[in-house]
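Following: one structure in structure tokens, then a few remarks.
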Amino acid sequence: MTQNLSRIRNIGIMAHIDAGKTTLTERILFYTKKIHKIGEVDDGSATMDYMPQEQERGITITSAATVFNWNNYEIHLIDTPGHVDFTIEVERSLRVLDGVVTVICAVGGVEPQTETVWHQAEKYGVPRIAFVNKLDRVGADFDRAIAMMKERLGAFPIPIQIPMIVGDEVKGVIDLIRMKALVWDVQSKGETFQLIDIPSDFIQVAESSRHFMIECAAEQDEELLEFYLENDCLDEKQIISGLRQGTIANRIVPTLCGSALKNLGVQPVIDAIIDFLPSPQDVPPLIGKNPETGMEELRKPKANEPLCALAFKVIMDQGRKAIFLRVYSGELNADSEVLNATRGHKERVARLFLSHANKREKIKSASVGSIVLVVGLKETRTGDTITSLTAPLVLESLETCLPVISIAIEPQTRSDQEKLIFSLEKIAQEDPTFVYSENQETGQLLISGMGELHLEIIVDRLRREYNVEVQTGKPQVVFKESVSRNAEATVIFDREIHDVRHFGEVTLSVHAAKRGSGLIFEVSEPLRQMIPDLLQHVENGAREATLAGALAGNEVVDLIVKLEKMGSDCSLMSPLGVKVASSQACREACEKAGPVVLEPFMGVEVVVPEEFVGEVIADLNSRHGRLEEITPRGKTSVIKAISPLANMFGYSTSLRSLTQGRGIFSMQYSHYDIKQ
């Protein structure tokens, strides 16, 4: 592996589903001689889509890493999913990448998930270049795609190529930096292309586009701008230098075009990765906290700095846990001891690998800028920081999205039951957006994730990878009960059991309490002093009575139970008699107090483009949702509402339908309230 940091690139490919990310990646690997045959997504032979579910469905589900060389540059590449259910794969990849190629469909333009991943990249300050793909398709419009980048993404795209389209056929692209036309040889699968003079039909538009590009390049640097104003021109190196500075500063987005499926325009994308996207030494030093002192410290991207790496992805590789690490400083060696600074544990690096999709290349060490797969880190989880033993540092961990949809799951056989929890734990270690839990009230085992497709894939993985057959169904909503007014009841219990008299006389009152307060037991101070030995039995009886309410046998909550008085002679009362009398009095008082059913309400936050706000609010109203707040955020709006959980099942699918897939939402428990 190269030690020259300026010749390393860590980049990702991101876009909306079906924009052509994996197809572009496949061509990049072919032209860089990493693979010797082009695989296709549609027939399930794409190198980076190696999971059976990916091959069957023709979509990317998990991010896959590879490394290759191009013109003596070492490029680490991660191909990410485009489906919103797997957005965590994009999130954690962007956390460790230095640059991104955004693929935009020339027909669909800037699609919903493109907006999502673009804003994720903005959050991490990751520089981007763009590739307008599928120019061979009917309805392709390069200029419209550029306009949508400005409108929907708030980006400043700078075309460094424009397409040469004659009729419905893409003849090639025009390189505005070199002012030459590039024409690919179809017979060679796009491996070879010619640089020719620009056809006369395209000269005028090329000169106009080049003038705009040069002006933008000059504006990125004061010296370049001064040179441009004096000479009215820039040479090739100056243009690339200016565009590179603007890209790394996240001011501009150099934009290329072509058709990955037709093998047109791929090699210039690789050149643009090298020309415009940053190397590890172009990225600012890392800032972390020393877990021992609590003070912030820096780590520069240098080999002689202490080791600092981030675990950004956990996978189960042939049943064994393996961790993807990005090395930010120092050197990581196989068969060495390191510190998990996040958890304070020492770990041993057993083996190191470079990853190529599902294939591995064993290496002895990894230096700054490398993305490697590590075996042996048993306690490490996603987001943990790995450092040298003597210089601990904790980096900011990864943000994970909260699950928004759940289904009930149960094993088909006893043997499946024994394997199920073990298998779910393995999957949960890989996927931070997947959660499983047992509902204590219903006894159901629930699995929760980012969407219906996400959970469908989880269930399929249980069957294929872990040989666990399961059945799925909707989870039961857990209802509770409370009271709507005050009431009081007196019960006398007097019974002989096994020749022992059990007597108790208790008067209790019940009152509605504030939502979320549970059960509150009150007693006056005089009574507390009179019956200290019996008081706990009174409370136990009352609490036992609230486990099953009068209406539907649900737990009674948000209730104040007050002990009003006891019988005249407490010395005659037994603990059992008092407990039974208290339980019956509480139950009777609750029946008189206007019992009501409570249901769980969820806090819902929906982020949608402005034009869909009306439809989303109307849909939430139809689900008995209560609108709390609408906050404008650029070209989107954030809608906050409270809605019954029972009405929110399937909301993920409905929202995508209402907003053309451009709306996203998060949901979490808020409180219980009267059932509507």
Side-chain angles (χ1 to χ4, degrees), residues 3-6 8-12 14 63 65 76 78 88 90-100 117-128 244-251 277-314 323-333 336 338-347 349 366-372 374 377 379-401 432:
Q3 297 299 311
N4 187 343
L5 288 186
S6 66
I8 295 177
R9 299 289 183 273
N10 285 310
I11 62 111
M14 69 178 193
S63 55
H76 295 260
I78 297 179
I88 183 61
V90 184
E91 183 86 20
R92 58 185 173 187
S93 297
L94 287 171
R95 175 69 173 78
V96 298
L97 293 172
D98 298 331
V100 166
V117 297
W118 188 271
H119 297 317
Q120 285 175 311
E122 280 185 333
K123 180 172 71 175
Y124 291 113
V126 182
R128 282 140 282 173
R244 178 179 178 78
Q245 289 182 59
T247 305
I248 292 174
N250 270 313
R251 292 191 294 263
L277 293 179
S279 70
Q281 69 181 14
D282 296 317
V283 178
L286 278 178
I287 301 175
K289 279 192 177 179
N290 186 316
E292 296 173 355
T293 65
M295 301 296 289
E296 287 190 345
E297 293 182 10
L298 292 178
R299 289 289 183 273
K300 296 177 182 177
K302 294 182 178 179
N304 58 3
E305 286 269 303
L307 170 67
C308 186
L310 184 72
F312 68 94
K313 182 177 169 73
V314 176
I323 314 286
F324 275 103
L325 290 181
R326 161 70 193 267
V327 181
Y328 285 103
S329 65
E331 188 169 75
L332 181 67
N333 297 305
S336 65
V338 294
L339 176 70
N340 183 327
T342 305
R343 303 183 185 275
H345 295 312
K346 290 182 181 179
E347 297 257 47
V349 176
S367 191
V368 184
S370 302
I371 291 176
V372 292
V374 182
L377 305 180
E379 302 297 324
T380 300
R381 296 287 186 112
T382 300
D384 288 357
T385 307
I386 303 299
T387 68
S388 60
L389 298 175
T390 56
L393 190 75
V394 178
L395 303 177
E396 184 181 350
S397 189
L398 286 162
E399 288 186 19
T400 57
C401 307

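Each residue takes its place number in the sequence, starting with 1. Fair warning: this is a prediction, and the values are worked out from it, not measured in the lab.
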side-chain contact (heavy atoms from CB on, under 4.5 Å) with Pro127: of Asn250, Leu97, Asp98, only one passes, and it is Asn250
Can you tell me how far the OG atom of Ser336 sits from the CD atom of Glu331, to the nearest 0.5 Å?
9.5 Å
Closest non-hydrogen contact found for Leu393 with Glu297 is CD1-CB, 3.6 Å
Minimum heavy-atom separation for Arg251 and Gln245, please, with both atom names.
NH2-O, 4.0 Å
Please tell me if the side chains of Val100 and Leu94 come closer than 4.5 Å, counting only heavy atoms from C-beta onward.
yes
Starting from the C-alpha separation in whole Å, work towards a yes-or-no answer on side-chain contact (heavy atoms from CB on, under 4.5 Å) for Lys300 and Leu298.
CA-CA 6 Å; Lys300 296 177 182 177; Leu298 292 178; 5.5 Å; no
Pairwise distance CZ(Phe312) to CG(Leu395) - rounded to 0.5 angstrom:
13.5 Å
Would you confirm whether Glu292, through its side chain, and Pro392, through its main-chain N or O, come within 3.5 Å as a donor-acceptor pair?
no
If we ignore hydrogens and angles and just use 3.5 Å, is the side chain of Asn340 paired with the main-chain N or O of Arg343 as donor and acceptor?
yes
To the nearest 0.5 Å, tell me how far Ile323 CD1 sits from Asp384 CG.
8.0 Å
Nearest non-hydrogen partners of Thr380 and Ala311, listed with the distance:
CG2-CB, 3.7 Å
Nearest non-hydrogen partners of Gly383 and Thr342, listed with the distance
O-OG1, 4.3 Å
What I'd like to find out is whether the side chain of Pro432 reaches to under 4.5 Å of the side chain of Arg92, using heavy atoms alone.
yes
Compute both the distance and the angle, then confirm whether Arg326 meets the cation-pi test with Phe324: under 6.0 Å from the six-membered ring centre, within 45 degrees of the axis.
no
Tell me, do Ile371 and Asn10 make a side-chain contact under 4.5 Å, heavy atoms counted?
yes
Please find the pair of heavy atoms, one from Ser329 and one from Glu305, that lie closest to each other, and give the distance.
CB-CB, 3.9 Å
Closest non-hydrogen atom pair, Gly330 against Val327
O-CG1, 4.0 Å
Can Thr247 and Leu277 be said to form a side-chain contact (heavy atoms from CB on, under 4.5 Å), step by step?
CA-CA 7 Å; Thr247 305; Leu277 293 179; 4.2 Å; yes
Do Arg128 and Trp118 come close enough that some side-chain heavy atom pair is under 4.5 Å?
yes
Looking at Lys123 and Glu91, is any side-chain nitrogen of the basic one under 4.0 Å from a carboxylate oxygen of the acidic one?
yes
Can you tell which of Leu389, Thr387, Leu332 makes a side-chain contact (heavy atoms from CB on, under 4.5 Å) with Leu307?
Leu332
Output a table of donor-acceptor pairs, distance under 3.5 Å, between side-chain atoms of residues 279-289 and any protein atom two or more places apart or on a different chain; print 'none' if there are none.
{"unit_1": "Ser279", "atom_1": "OG", "unit_2": "Gln281", "atom_2": "N", "d": "3.4"}
{"unit_1": "Ser279", "atom_1": "OG", "unit_2": "Asp282", "atom_2": "OD2", "d": "3.0"}
{"unit_1": "Asp282", "atom_1": "OD2", "unit_2": "Arg244", "atom_2": "NH2", "d": "2.7"}
{"unit_1": "Asp282", "atom_1": "OD2", "unit_2": "Ser279", "atom_2": "N", "d": "2.9"}

Mark yes or no for whether Ser370, through its side chain, and Val372, through its backbone, hold a donor-acceptor pair below 3.5 Å.
no
Start with the C-alpha gap between Val368 and Ile8, add the side-chain angles, then the distance that decides, and say whether side-chain contact (heavy atoms from CB on, under 4.5 Å) holds.
CA-CA 9 Å; Val368 184; Ile8 295 177; over 6 Å; no
